[in-house]
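Throughout, protein chains are lettered first and strands after them, A, B, ... in sequence-line order, and every chain is numbered starting at 1. No experiment lies behind these values; they were computed from the predicted model shown.
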There are 2 protein chains.
Amino acid sequence: MAVTMNDVAKAAGVSLKTVSNVINNYEFIRPTTRQRVLAAIEELGYETNLTARSLRSGKTNMLGLVLADLSIPYYAELASDIMKAAWRRGYRVLVEQSGNEAAHEKAAIQGQFRSLTDGLLFIPLALGAEEIIQGAGTKPLVLLGEYVQDPRLDMVLIQNQEAAAAITTHLLAGGRRRIAVLGAADGDTTGSAGLRLSGYKAALADAGVEYDPTLLVRCEWRRDGGAGAIARLLDSGAEFDAVFGLNDALALGALHELLVRGKKVPQEIAVAGFDDIEEARFASPSLTTVAPGRAEIAERAVALLIERIESDRETADVRQLEAAFELRVRHSAP
Amino acid sequence: MAVTMNDVAKAAGVSLKTVSNVINNYEFIRPTTRQRVLAAIEELGYETNLTARSLRSGKTNMLGLVLADLSIPYYAELASDIMKAAWRRGYRVLVEQSGNEAAHEKAAIQGQFRSLTDGLLFIPLALGAEEIIQGAGTKPLVLLGEYVQDPRLDMVLIQNQEAAAAITTHLLAGGRRRIAVLGAADGDTTGSAGLRLSGYKAALADAGVEYDPTLLVRCEWRRDGGAGAIARLLDSGAEFDAVFGLNDALALGALHELLVRGKKVPQEIAVAGFDDIEEARFASPSLTTVAPGRAEIAERAVALLIERIESDRETADVRQLEAAFELRVRHSAP
DNA sequence: CTGAAAGCGCTTACAG
DNA sequence: CTGAAAGCGCTTACAG
């Protein structure tokens, strides 16, 4: 029913191959032939059937992106950047929401889904390195985020420790001495929580400030998690003069709860986050945070993945890239 | 290189067709045959090649979703809901960002992109009804949003006028008499802006309050647009006791700017929005807004589109569905 | 219940 | 520069 390349070939009086050559911008075609083919394409309203192209060429020109949920602002903003970076290079992005569940992540990295994409960008939250390596098959895979760290896997990383230390140092420089941490528990060493916590600890140590594990609250990394955590902390009677939410959602939830309870921010309690989502700039007061280099992460992850796809596999060394971060000082912690 | 159905067939000692039957859950297969095939699939690690299936069957089991940008919270949250609704019905979603540009929208509704999907969910912002009908081809299409209204097109709508009237009435009931509107200009009649503005006007008229066009500010529907609009309004010396941002982003930007300038919200100026994005609950003060039925919109749009895909075209009447809305009264306008 | 053949619409070698 | 043939990995009629 749809117009095929064969129809175009007949209309233009050339072979199938010539039409294919024109469409794929093959160099050596007589200009008049090209014109005739283009005219036929235009006239018939021909559109390439990408499914057929994929089947024959073995390439889909799609990248998979597995993340927890697009309703989480940091992931949505990252996905937007990734789609744009891919688009510039002639690829589309197929997003898969894992909902943070191991079963979904597993299905996404090994299932039929993979046959639709040439390579995968994966933000793992539930699966470990071993499971990823086992399950991922042979197509290229680049990890984002830092829940998983393994020398065998390509990844683009945030400078978690350094960035968390920088923001903690900023709070300390502002005279804060008792900095609560939302989103981690004492003893966490792995994943974003562990890395950011260790940056926090390092900054305290550098400043000669005592580390007090009773100032840590473990909770979901969402706004309501942050709000609930601050509520519990206040109810416990703990004393603190600053809050470091391990991501912006936590910090924004905490900020909300502090203001609801009549605390003055930043006069009584300073608040800082991590991610620099757009919302942070427009919070009241605006949120001090650290920008982990989202655009750079998107750009480099896409570039690396496509390089893997388009080069001969096997050969290349594992690549682990780090994005530059930047402190964003705003009113919640001047 | 990859394991094919043929490999499975050989390993199980059956024909290709039988393997296909097992995979597609064809009923009448001898249990022992099924077992043998499943065992071979397991052993060889066979995965269906979805590209090949699509080419042959003419179905991709993917829905296209064209929206402006995932970094806009309302679209991100809607996309998340749509992907979940599609997933439940066995479909994936391929998102295309139009960046609000007509050329991108046109490419998305008529380009090769369409060959990858069985149908399209489209939030038009730049194209008109005529262009959509011309360009969209033969595959099913369901519109979301209300920039375009046309009796020939399937769509799922927000009750813009009614919802805008409800929130205006709420502000009036709180004693506000001079309600600024952000995101529309006097005379707008089409699209979300026009519809919401007309709801606002209707509510004023019902309450016998005069409509003052100098209280309208046209701007981009983003946080910084709202902030800039309020700044201009304040600088102009206009008097107002409430602000209605035609979406939450506008209202949140306005809220931020009002607080920066030392205005008390809601004591001096009440603020209300439209969309009920998650961020609204955690703003300080929390944002009064209207929930347009996002989950219902996602669910019904996906259901309608899939119904169109799976039934014989042509026949059915155009369907225009409306989602129910709900007022969310919070602290910015109690 | 299962099989052998055809074909979806392209691109890929291979000729010329 | 262009053509004729083969085939990517499935599902779809059609037989039996």
Report task. Please measure how far the P atom in dA13(D) lies from the corresponding atom in dC1(C), and state the result in whole Å. Result -> 23 Å
Query raised in the report: Can you check salt bridge (charged side-chain N to carboxylate O under 4.0 Å, His left out) on Arg308(B) and Asp154(B), steps first, answer last?
Result: CA-CA 10 Å; Arg308(B) 293 305 193 209; Asp154(B) 283 333; 2.7 Å; yes
Report task. State, yes or no, whether a side-chain contact exists between Leu50(B) and Phe113(A) at a heavy-atom distance under 4.5 Å. Result -> no
Query raised in the report: With a 4.5 Å limit on heavy-atom distance, are the side chains of Met62(A) and Asp118(A) in contact?
Result: no
Requested in this report: Output every pair passing salt bridge (charged side-chain N to carboxylate O under 4.0 Å, His left out) with a member in residues 49-78 of chain A, not counting sequence neighbours, ordered by first then second residue.
Outcome: Lys59(A)-Glu310(A), Asp69(A)-Lys84(B), Glu77(A)-Arg294(A)
Let me know the distance between [atom1] of [X] and [atom2] of [N], rounded to the nearest Å.
X	N	atom1	atom2	answer
Lys17(A)	dG3(D)	NZ	P	10 Å
Lys10(A)	dG9(C)	NZ	C1'	13 Å
Met5(B)	dG9(D)	CE	P	12 Å
Leu116(A)	dG9(D)	CG	C1'	14 Å

Requested in this report: Respond yes when some side-chain nitrogen or oxygen of Asn21(B) is under 4.0 Å from OP1 or OP2 of dC1(C), and no when none is.
Outcome: no
Query raised in the report: If only side-chain N and O atoms of Thr18(A) are considered, is one of them under 4.0 Å from the OP1 or OP2 phosphate oxygen of dT2(D)?
Result: no
Report summary line: Exactly one of Glu96(A), Glu105(A), Met155(A) clears side chain to side chain contact (heavy atoms under 4.5 Å, CB included) with Phe122(A), and that residue is Glu105(A)
Query - side-chain contact (heavy atoms from CB on, under 4.5 Å) partners of Asp150(B), counting only residues at least two apart - result: Ala129(B), Ile133(B), Arg152(B), Leu153(B)
Query raised in the report: Hey, does Asn24(B) reach any base, or is it just sugar-phosphate, or nothing, if we go heavy atoms under 4.0 Å?
Result: sugar-phosphate
Polar-atom pairs under 3.5 Å, protein N or O versus N or O of nucleotides 6-8 of chain D: list them with distances, or write none.
{"unit_1": "dG7(D)", "atom_1": "N3", "unit_2": "Arg56(A)", "atom_2": "NH1", "d": "3.4"}
{"unit_1": "dC8(D)", "atom_1": "O2", "unit_2": "Arg56(A)", "atom_2": "N", "d": "3.4"}

Report task. Convert the base pairs of DNA chain D into dot-bracket notation, remembering that pairs crossing earlier ones are written with [ ] and that bases paired across to another strand are shown as |; include only Watson-Crick or G-U pairs under 3.5 Å. Result -> |||.||||||||.|||
Query raised in the report: Which residues within residues 30-41 of chain A lie with some heavy atom under 4.0 Å of an atom in DNA chain D?
Result: Arg30(A), Thr33(A)
Report task. Please test Arg319(B) against Glu307(B) for salt bridge (charged side-chain N to carboxylate O under 4.0 Å, His left out), starting from the C-alpha separation and ending with a verdict. Result -> CA-CA 11 Å; Arg319(B) 289 253 285 283; Glu307(B) 188 189 319; 3.3 Å; yes
Query raised in the report: Residues two or more places apart in sequence or in another chain: which of them pass side chain to side chain donor-acceptor pair (under 3.5 Å) with Lys10(B)?
Result: none
Query raised in the report: In terms of side-chain geometry, is the basic nitrogen of Arg89(B) or Glu299(B) positioned less than 4.0 Å from the acidic oxygen of its partner?
Result: yes
